Amino acid sequence: MNKLYNKYEKEILGILARYPAEGKRSAVMPLLFLAQRETGYVPTEALSNIAEITGISETDVASIMGFYTLFHAEPAGRYRIQICTDLPCALRGSESYLEQICEKLGVKEGETTADGLFTVEAVKCLAACHRAPMFQLQGDGEIKYYEDQNVEITMQIVEEIRHKVAAEQEA
Amino acid sequence: MEKYILLRHRDVPEIDQLDVYKANDGLVAFEKVVKSMQPADVTLEVKNSGLRGRGGAGFPTGIKWGFLPNNSWPHYVVANADESEPGTFKDREIMESNPFQFLEGLMIASYAVQANQAYVYLRGEFWQLAAFLDEKIKDLEVAGYLGEKILGTDYSLKINTHLGAGAYICGEETALLESLEGKLGQPRLRPPFPAAVGLYGKPTLINNVETLTNLPLIIQKGADWYRSFGTEQSPGVKIFSLSGCVNKPGNYELPLGVTYQELIFEHGGGIVNDNKIKAVMSAGASSDVVVADDFCLQTPLAYETCLDRIKAPLGSASIIVLDETVDMAWLVSKTVNFFKHESCGKCTPCREGTFWMDSLTKHMMANESRSEDIDLLRSVALQVQGKCLCALGEFSTMAVVTAVDRFRADFETHVRS
C-alpha cells in the first residue's frame, strides 16, 4: 500500500482491528505515534501514508498532528525532557528546577543540547502533582515518568542515557 | 479489617496480579451480574447506591446509565482516563496499582448498558500505563472474562485502550469522543447528548475511572453497604488528591463529608514549614480560590456542602493548598496560562479571553501594569463566562474572579497607579 504500511503491516492491522469498519479514522492517532516512533517526529511523507490508510485527507492528518502536543512536526533531540511547571508542581519548586536543569545542560527552555540528545521543554500538568518536581522523557517511541526529582538525580539519569547511547554507538 | 474500597492495593499486595485479585473476591461481582442479573437490575442497584460521577460533575451514575435508549444499537462504553486537571492524580494510581478492579467496573457498566465494545481513553502521557492495561486485558481474555460468550453466557465484550496525545480538553466527554473518532478534540454542541448520539453516532456511556472502580464492591456488598459511607446526598468514599503547600501530598481515600481541616491537617500533615494556610482550591486549576478561614476549613467535602457553604464545587476533589507565601497574582498567571494553552480554539470567548487574561497577567508579573488592569482582567473573565460550548472557558475564569475579589492586595503590589 505505502511505505509506512509495508514497514509496520502487522501492527497497523492490529490497530485497525480495534475499531469498527466505519470508525477506521480512529486509527489516525495511533498511526501518528507509530510514524514518529523512530525519529521522534512525523516525517512529511508519513502524512500521506496515514491519510491513505485511514481514508481521510492529508490536510486532516496534518491538522490532527498540529492539535495534539505529543506529536511533533520538527526534529528535536532524541529525548525530550518535558518538565511540568503547572501550578501544583510550581508550588513545589518546579520552575527553579527547570532553570537549573537548563543551566546544567547549557540550553534554554525549548533548545537542544549540542550532542543532539536532549531537548528541554516546559509542559502542562502530567498528573503527578504529589511527586513534584517531575518530568517525562519522550523518545525512542516511548514516554516514561521520572518523579520526586532534584537536579542531582536528574543529571544522573541524563548521564546514564548518555552512556547507554555511547555504548550503542560503539556496538 | 481492610481499610480501602478503591485503593485496595494499599491493603492487598500484588492485587494487580489476576490470581491475587481473584483470591480477594475479584470478579465475583462481574460473574454475578453476567450470570444472574438483568441489566436493568444492575442499573437499579447502582442508582440505589447513590454513586455520583467522580470526574467532577457529580452526576448520579445510575441515572446516567438509564439515559441510553433501548431502540438504537450498538451501545458503546468509554472509560474516561484522560486525567489532566492540574492537581488531579487519582485515576493514575488506581489504574497503575488496582487495574483489575477498574476493568471489572468497566465490564459491569458495559453489561448494564449491553455494550459489546468498550474503550479506555487514556491521556497520551499514560503511554506506559496503556501498555500495562493491555496486558491486564489480555489476562482477562485468557481467563475467559472477556471475549465471546463470556463464562458460558450469551454476553460478549471487548475492551481496547486508546491513547490521546496531549490535550486537556479531551477530558470533556464530547471532545473525548471526537478525539477517539480520530478528529480534533473539540467539544460538540449538546443536545444531543452522548447517551443518545455518542461514539460513531451511537448511544454511548462515558464514566470516569474512579466512578467505575466503585462498582464491583457496590454490586458485591449492595447499595445499603455503600450508603453506610459518606453523606446522604454524597454517599460513599472519594479519593482526594492533595497537593501544593502540604507536608504529605498524595491520594487519600476517605468518606465524602470529611472536612478540609481533617484532610489537610490530620491526613496531609499540615502546611509546609509550619506556614499559615491562606487559601484552598477544591477542583484543581478550575476552582474558585477560597479563603481558608475556620468556616471554610470546617466545611465537609461533599457535593452539596461545598456548594452550600463555600459556593465552590467539589469537582474532582483535587485539593490544592496555598499558604501565606503564595502570591495570588502569580497563581492566576499560572492557571490562565494553562487554560490559554489548553483552549481548543473553537469558541471565540474562550480562545480570545484566555489569550488576553494570559497577556494581562504576564504583564502584571513583569510589573508592567497599571492599576486599571486589575479590573480589566476581571472584566475579561466575566465576558468569557456563560458564553462557551463547554466548561473550559468557565473554568479559566474561576480563579481569576475569586482571587481578584478576595486577594486584591496581591495584585496591587504588581501595578502602578
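Order of the sequence lines sets the chain letters (A, B, ...), proteins ahead of strands, with each chain counted from 1. Given the structure is predicted, the values throughout are model-derived calculations rather than measurements. Just so it is clear, the values below take in all heavy atoms, side chains as well, and ignore hydrogens, waters and symmetry mates.
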Heavy-atom closest pair (A:Ala128 atom, B:Phe89 atom, distance to 0.1 Å) is N-CB, 4.3 Å
More than 12 heavy atoms of other residues, nucleotides or ligands under 6.0 Å from CD of A:Glu74: yes or no? no
Ranked by heavy-atom pairs below 4.5 Å to chain A, first place among B:Leu242, B:Val326, B:Val321, B:Ile320 goes to B:Ile320
Applying a strict 4.5 Å limit to non-hydrogen atoms, the region of B:Ile169 in contact with chain A is side chain
Answer key: most heavy-atom pairs under 4.5 Å with chain A among B:Leu180, B:Leu199, B:Leu129, B:Leu322 is B:Leu180
So, the part of B:Cys344 with a heavy atom under 4.5 Å from chain A: the answer is both
Assert top hit (heavy-atom pairs under 4.5 Å, partner chain B, pool A:Cys89, A:Gly23, A:Gly66) equals A:Gly23
Applying ring pair (Phe, Tyr, Trp, His ring centres under 6.0 Å) to A:Phe33 and not counting sequence neighbours gives A:Phe71
Short donor-acceptor contacts under 3.5 Å linking chain A with chain B:
from, atom 1, to, atom 2, distance (Å)
A:Ala17, O, B:Lys158, NZ, 3.1
A:Arg18, O, B:Tyr119, OH, 2.6
A:Tyr19, OH, B:His162, ND1, 2.6
A:Arg25, NE, B:Gly182, O, 2.9
A:Arg25, NH2, B:Gly182, O, 3.4
A:Ser26, OG, B:Leu180, O, 2.5
A:Ser26, OG, B:Tyr200, OH, 2.6
A:Tyr68, OH, B:Ser179, OG, 3.0
A:Tyr68, OH, B:Lys183, O, 2.8
A:Tyr68, OH, B:Gly185, N, 3.1
A:Thr69, N, B:Ala165, O, 3.2
A:Thr69, N, B:Gly166, O, 3.3
A:Thr69, OG1, B:Gly166, O, 3.1
A:Leu70, N, B:Ala165, O, 2.8
A:Thr85, O, B:Lys334, NZ, 2.6
A:Arg92, NH1, B:Gly244, O, 2.6
A:Arg92, NH1, B:Val246, O, 3.3
A:Glu95, OE2, B:Lys334, NZ, 2.7
A:Lys124, NZ, B:Asn337, OD1, 2.5
A:Cys125, O, B:Arg123, NH1, 3.2
A:Cys125, O, B:Arg123, NH2, 2.6
A:Ala127, O, B:Arg92, NH1, 2.9
A:Glu147, OE1, B:Arg92, NH2, 2.8
A:Glu147, OE2, B:Arg92, NH1, 3.1
A:Glu147, OE2, B:Arg92, NH2, 3.2

Most contact-rich option vs chain A, by heavy-atom pairs under 4.5 angstrom, among B:Gly250, B:Gly185, B:Gly284, is B:Gly185
Counting heavy-atom pairs under 4.5 angstrom with chain B, the leader among A:Ala27, A:Pro88, A:Ala90, A:Ala132 is A:Pro88
Of the listed A:Val28, A:Val123, A:Ile64, the one with the largest count of heavy-atom pairs under 4.5 Å with chain B is A:Ile64
